[in-house]
Amino acid sequence: MNFNKNMQSKTTHKKEPGKDQHVRMSGSEAMVKCLIEEGATTIYGYPGGAIMPFYDELHKHQDEIHHVLTRHEQGATHAAQGYARISGQVGVAVATSGPGATNLITGIADAQIDSTPIVCITGQVYEHLLGSDAFQETDIVGISTPVTKWNHQITSAEEIPEVMAKAFYIAKSGRPGPVLIDITKNAQLEEFDFHYEKCTGVRSYKPAPPVDKEKVKEAAELINTAKKPFIVWGQGVILGEAEQELKKLIEKAQIPAAWTILGASAIPTTHPLNVGMVGMHGNYAPNMLTNECDVLIAIGMRFDDRVTGRLNDYAKQAKVIHFEIDPAEVDKNVKTDIAVLGDAKQSLATLLPFIKKNSHDSWLKKFKDLYKIEYDKVIKHDLSPKKEGLTMGEVLKEINKQTSGDAAIVSDVGQHQMIACRYAEFNKTKSNITSGGLGTMGFALPAAIGAKMAAPERDVVAVVGDGGYQMTIQELGTIFQTKVPVKIVILNNNFLGMVRQWQQLFFDKRYAQTELVNPDFIQIAKGYYINAEQVSKREELSTAVEKMMNTEGAYVLEVCVEKEDNVFPMIPSGASVSEIRLE
């Protein structure tokens, strides 16, 4: 959902008690005041010339806003994402103009496709220099327009309060997403009469469509009469805080329910009606039975291609009900029979009274039977291998054991990501933090920093591959400086593993530019004064994971795993979900 920066709109504000007075201050002080009013107590960034007035003012407010100096602006956006994903609040990233601003783009794009609420603030050259190719001038508004929910350039200090309030409102409301505010240097230096009011609405922007009760009744009728109903839920359930409503629905109607990667943890992994993950490396049963169900109920998911496989053969036999907050997602990929627009929590709460108690024993047995096939062919070999070398699966099994399924797992992108999503046990919502739609290597390390800072009471474990880890490895410096106690598990197979798997299966084992000659990860960690250990033997694993979890402060555990293990099941690119391979 994009919001044109030139959109003519009326912003609705809420007057706060005691906020009617006007106070003379600079634009940079106003920026800080706005952040404080919006509850931004932790922000991530990297200073530079065009944003320096803001940083100078921020220095005076260290007791109110904790600024975390990342080692790269991309790290700031991912840290803000991790902060937002685990807390449900808006993350904030700050950068200077030019390369500082452009370095934010990968994280912004990641946040856009994964519906993560972040506000990015960039400095910009003086207004009179705009368009002159001044030093470190870049049109970041133009560059970021395709990957932001809304963006705006401020050229006058008096714009700051209204635009900042609007930025936080748009980022968090409805389907969340990233907002970028570009502020010229003169606007930061100018003085004006500051007056702040929170934004509560923007004309022409409808964050959540009203729930149509008649559509809900139609959906309930289909669900009540279905013989083989099947639920696929996505991150919309978590973003809408509809976990309990979903749980009540599946238990009342006894419907098997599966999740997309970003939906993981909304329902505990061990719930008897949680039948696993759908998608390219998802579980066998939910993928196969997608093409057998008679009613497919999609909740807060967007039918991504990694979930559907070949669209021409996706659930063609089923009536499709789509619960979705964003009208743009309805009928975009999969034609629906009934679309219920609105916030997931409100939609499901409206649906529940119309749902009849039911049972689908024979249908549920099909899921159990197919799970047994997957267990014998894949799962037991991943978790309890007979081979000499360690597997990624048994590392996740040990993490589950040591954390009792209460940890937040922040995974990067690749084979280890799929293994983490498949085998991590989640007892709590907002526990699976990963890059879904964009697939951003380098996401996990900085995102884990943000997640741990937002939820210091939780164990946060970053599960990374040796490839993606090196894309943002400099953020070890942020960990050292801030003393944030994240646990980092490197699953090292000396390959870009997911690409290598495709090369093995579809390119006759031509491993073109996928084998990695890696540095000494333990020495690098120690160079940042972070405790670290390497293990390569099965008998060492349990003790090593226990030591990592019990060590105060950050810890790096490198686990040397089998070089050429593959992740199965797998739906080949362009194949149907029912063409899923177990080997």
Review point. Does the side chain of Thr434 come under 3.5 Å of the side chain of Gln417 through a donor N or O and an acceptor N or O?
Key: yes
Revision key, fill the gap. Sorted by chain and number, sequence neighbours left out, salt bridge (Lys or Arg N to Asp or Glu O under 4.0 Å) with Lys172 holds for none
Review point. Just checking, is any N or O donor in the side chain of Glu564 or Gln504 under 3.5 Å from an acceptor N or O on the other one?
Key: no
**Study point:** Side chain proximity check, Tyr284 to Ile580, heavy atoms < 4.5 angstrom
**Key:** yes
Exercise for review: Output all residues satisfying side-chain contact (heavy atoms from CB on, under 4.5 Å) with Thr440, sequence neighbours left out; order by chain, then residue number.
Suggested key: Gln74, His78, Thr106, Asp110, Ser435, Leu438, Phe443
Sequence neighbours left out, cut at 3.5 Å: what donor-acceptor pairs do the side chains of residues 269-276 make with other protein atoms?
unit_1: Thr269; atom_1: OG1; unit_2: Phe426; atom_2: N; d: 2.7
unit_1: Thr269; atom_1: OG1; unit_2: Phe426; atom_2: O; d: 3.3
unit_1: His271; atom_1: ND1; unit_2: Leu273; atom_2: N; d: 3.0
unit_1: His271; atom_1: NE2; unit_2: Glu251; atom_2: OE2; d: 2.7
unit_1: Asn274; atom_1: OD1; unit_2: Trp259; atom_2: NE1; d: 2.9
unit_1: Asn274; atom_1: OD1; unit_2: Gly276; atom_2: N; d: 3.1
unit_1: Asn274; atom_1: ND2; unit_2: Pro268; atom_2: O; d: 3.2

Point to revise | Counterpart residues, side-chain contact (heavy atoms from CB on, under 4.5 Å), relative to Lys386 (two or more places apart) | key: none
Check your understanding: Considering residues at least two apart in sequence or located in another chain, which fulfil the salt bridge (Lys or Arg N to Asp or Glu O under 4.0 Å) criterion with Arg422?
Key -> Glu374
Exercise for review: Kindly give the heavy-atom pair with the smallest separation between Gly75 and Pro446, and that separation in Å.
Suggested key: O-CB, 3.4 Å
Revision key, fill the gap. Nearest heavy-atom contact between Ile238 and Gly263 is CD1-O, 3.7 Å
Revision key, fill the gap. Correct closest heavy-atom pair for Ser144 and Ile105 would be CB-CD1, 4.0 Å
Review point. Is Asn400 reaching over with its side chain to a backbone N or O of Tyr423, donor-acceptor style, under 3.5 angstrom?
Key: yes
Check your understanding: Does the side chain of Arg458 pick up a donor-acceptor pair with the side chain of Ser431 at under 3.5 Å?
Key -> yes
Practice item. Please determine, by modelled atom types, if Asn151 and Thr145 share a side-chain donor-acceptor pair under 3.5 angstrom. Key: yes
**Study point:** Backbone of Lys430 reached by a side-chain donor or acceptor of Ser265 within 3.5 Å
**Key:** yes
Point to revise | Flag if over 12 foreign heavy atoms under 6.0 Å of CZ, Phe507 | key: no
Study note, to complete from the structure: Note: Leu496 and Gly467 closest approach over all heavy atoms is CD2-CA, 3.9 Å
Check your understanding: Looking just at side-chain N and O atoms, do Asp331 and Thr336 make a donor-acceptor pair shorter than 3.5 Å?
Key -> yes
Exercise for review: State whether the side chain of Asn224 and the backbone N or O of Ile355 hold a donor-acceptor pair below 3.5 Å, judged by distance alone.
Suggested key: no
Review point. Under a 4.5 Å cut-off applied to non-hydrogen side-chain atoms, are Trp150 and Val202 in contact?
Key: no
Exercise for review: Please list, chain by chain and in numerical order, all residues satisfying side-chain hydrogen bond (donor to acceptor under 3.5 Å, both in side chains) with Asp369, sequence neighbours excluded.
Suggested key: Lys365
Practice item. Kindly write out the residues that satisfy side-chain hydrogen bond (donor to acceptor under 3.5 Å, both in side chains) with Lys366, not counting sequence neighbours, or none if the list is empty. Key: Glu292
Revision key, fill the gap. Rounded to the nearest 0.5 Å, the OG atom of Ser573 sits from the CZ atom of Arg310 at a distance of 10.5 Å
Review point. Less than 4.0 Å between a side-chain N and a carboxylate O, is that true for Lys563 and Glu515?
Key: yes
Practice item. Could I get the full list of side-chain hydrogen bond (donor to acceptor under 3.5 Å, both in side chains) partners for Arg581, not counting sequence neighbours? Key: none
Exercise for review: With sequence neighbours left out, write down each residue that passes salt bridge (Lys or Arg N to Asp or Glu O under 4.0 Å) with Glu329, or none if nothing qualifies.
Suggested key: Arg175, Lys332
Check your understanding: So do Leu491 and Val464 actually touch side chain to side chain, heavy atoms under 4.5 Å?
Key -> no
Check your understanding: Is the side chain of Asp212 donor-acceptor paired with the backbone N or O of Glu214 at a distance under 3.5 Å, no angle test?
Key -> yes
Check your understanding: Lys149 side chain to Ile170 main-chain N or O, any donor-acceptor pair under 3.5 Å?
Key -> yes
Check your understanding: Should Met418 and Ile261 count as side-chain neighbours, where that means a heavy-atom distance under 4.5 Å?
Key -> yes
Practice item. Measure the spacing between SG of Cys293 and NZ of Lys227 and express it to the nearest 0.5 Å. Key: 15.0 Å
Review point. Just checking, any donor-acceptor pair under 3.5 angstrom between side chains of Thr148 and Gln112?
Key: no
Review point. Who passes side-chain contact (heavy atoms from CB on, under 4.5 Å) against Pro229, sequence neighbours left out?
Key: Ala226, Ile255, Asp294, Ile297, His360, Trp363
Study note, to complete from the structure: CH2 (Trp233) and CD1 (Ile267) are apart, to the nearest 0.5 Å, by 5.5 Å
Point to revise | Ion pair Arg306/Asp304, N-O distance below 4.0 Å | key: no
Review point. Any side-chain heavy atom of Pro327 sitting closer than 4.5 Å to one from Pro209?
Key: yes
Review point. Taking it one step at a time, do His281 and Phe568 satisfy ring-ring contact (aromatic ring centres under 6.0 Å, His included)?
Key: CA-CA 6 Å; His281 291 286; Phe568 287 105; 7.7 Å; no
**Study point:** Residues Phe230, Phe367; criterion ring-ring contact (aromatic ring centres under 6.0 Å, His included); working and verdict
**Key:** CA-CA 11 Å; Phe230 179 40; Phe367 285 87; 5.6 Å; yes
Point to revise | Side chains of Asn566 and Arg500, donor plus acceptor under 3.5 Å | key: yes
Point to revise | Where at least one partner belongs to residues 396-412, residue pairs that pass salt bridge (Lys or Arg N to Asp or Glu O under 4.0 Å), sequence neighbours excluded | key: none
Practice item. With sequence neighbours excluded, tell me which residues meet side-chain contact (heavy atoms from CB on, under 4.5 Å) with Thr403. Key: Ile399, Ala407, Met549
Revision key, fill the gap. Nearest heavy-atom contact between Gly342 and Val211 is CA-CG2, 4.2 Å
Review point. Would you find a donor on one side and an acceptor on the other, under 3.5 Å apart, between the side chain of Asp466 and the backbone of Asn494?
Key: yes
Check your understanding: Any donor-acceptor pair under 3.5 Å linking the side chain of Glu562 with the backbone of Gly389?
Key -> yes
Practice item. Could you tell me whether the side chain of Asn492 reaches within less than 4.5 Å of the side chain of Val559, counting heavy atoms only? Key: no
Review point. Side chain of Thr391, backbone of Glu394: donor and acceptor closer than 3.5 Å?
Key: yes
Exercise for review: Taking all non-hydrogen atoms of both residues into account, name the closest pair between Gly240 and Asp343 and its distance.
Suggested key: CA-OD1, 3.8 Å
Exercise for review: Taking Asn287 for its side chain and Val278 for its backbone only, find out whether a donor-acceptor pair lies under 3.5 Å.
Suggested key: no
**Study point:** Salt bridge flag under 4.0 Å for residues Asp508 and Arg510
**Key:** yes
Point to revise | Heavy-atom side-chain proximity of Val179 to Cys120 below 4.5 angstrom | key: no
Exercise for review: Assess whether side-chain hydrogen bond (donor to acceptor under 3.5 Å, both in side chains) is satisfied between Gln503 and Thr514, documenting all intermediate values.
Suggested key: CA-CA 9 Å; Gln503 289 172 334; Thr514 47; 2.8 Å; yes
Practice item. Using atom types as modelled and distance alone, determine if a side-chain donor or acceptor of Gln415 lies under 3.5 Å from a backbone N or O of Asp565. Key: yes
